[in-house]
Amino acid sequence: MIHMRFYVGSDHAGFRTKEALKKALGKKGIKTIDVGTFSDESADYPDFALKVAKKVARDKGSLGLLVCGTGIGMSMAANKVKGIRAANPFDAYTARVAREHNDANVLCLGGRTYGAAAAKRILAAFLKARPSADKRHRRRVVKIMEIEGKC
Ligand code: RB5
């Protein structure tokens, strides 16, 4: 069992992909806490983005996974929550760099933009990567977070 808390959520468009990714995380021994939605009945993505983002912001060291049709609305909504750096990568490379360079703590994926196999590859790359200790990257992440205090 990997000791990592992964808060997950989706709207109806991301529901099936969320379920597939939860299984993939379970196979890796990663505990998921699912905030919904729990069916493919129409649901509003900001509601689930807010739930996951608040939990990740309060639980140091945890990560979040949000799935909507494209991952775009989820990332916009999650990034409104203080302490959240939500990324919407489109392949394994951008997922790795989102962790290494941007210290992303929420991964947003699209249930309608690529298949479950691609979503699993993106998630695996995100999981494997670690935030870089390189001073340049840390400085830039600190600058991102300072924007919260200025607005
Ligand atoms: C729902 O139809 C769709 O708009 C939503 O899942 C998402 O793609 C928004 O960004």
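Along the sequence shown, residues are numbered consecutively beginning with 1. First listed ligand is number 1; within each ligand, the first listed atom is number 1.
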Handout entry: Ligand-side contact atoms (ligand 1) for residue partner Gly69, heavy atom cut-off under 4.0 Å
Key = 5 (C), 6 (O), 7 (C), 8 (O)

Exercise for the section: Mind checking the CD1-CG spacing from Ile30 to Leu21? Nearest 0.5 Å is all I need. Expected result: 11.5 Å

Exercise for the section: Just need the protein heavy atom nearest to atom 3 (C) of ligand 1, so name the residue and atom and give the distance. Expected result: Arg112 NH1, 4.1 Å

Exercise for the section: Decide, yes or no, whether a salt bridge links Arg121 with Asp91 under the criterion of side-chain N to carboxylate O below 4.0 Å. Expected result: no

Fill in the blank from the handout: Residue pairs passing the salt bridge (charged side-chain N to carboxylate O under 4.0 Å, His left out) test with at least one member in residues 33-56, sequence neighbours excluded, are Arg16-Asp40, Lys18-Asp34, Lys22-Asp34

Practice task
Please list, chain by chain and in numerical order, all residues satisfying salt bridge (Lys or Arg N to Asp or Glu O under 4.0 Å) with Asp134, sequence neighbours excluded.
Solution key: Arg136

Practice task
Please write down residue, atom name and distance for the protein heavy atom closest to atom 6 (O) of ligand 1.
Solution key: Asp11 OD2, 2.5 Å

Exercise for the section: Given side-chain contact (heavy atoms from CB on, under 4.5 Å), test Arg112 with Thr17 step by step and report yes or no. Expected result: CA-CA 9 Å; Arg112 291 175 176 163; Thr17 302; over 6 Å; no

Problem - Contact (N/O only, under 3.5 Å) between Gly73 and ligand 1 - result: yes

Handout entry: For atom 9 (C) of ligand 1, the protein heavy atom that lies nearest, with its residue and separation
Key = Tyr45 CE2, 3.4 Å

Practice task
Run the numbers for me: atoms of ligand 1, each under 4.0 Å from some heavy atom of Ala13, listed by number.
Solution key: 6 (O)

Problem - N or O contact, Cys68 vs ligand 1, cut-off under 3.5 Å - result: no

Handout entry: Any His12 heavy atom less than 4.0 Å from ligand 1
Key = yes

Handout entry: Distance (rounded to the nearest 0.5 Å) between Asp11 CG and Cys68 SG
Key = 5.5 Å

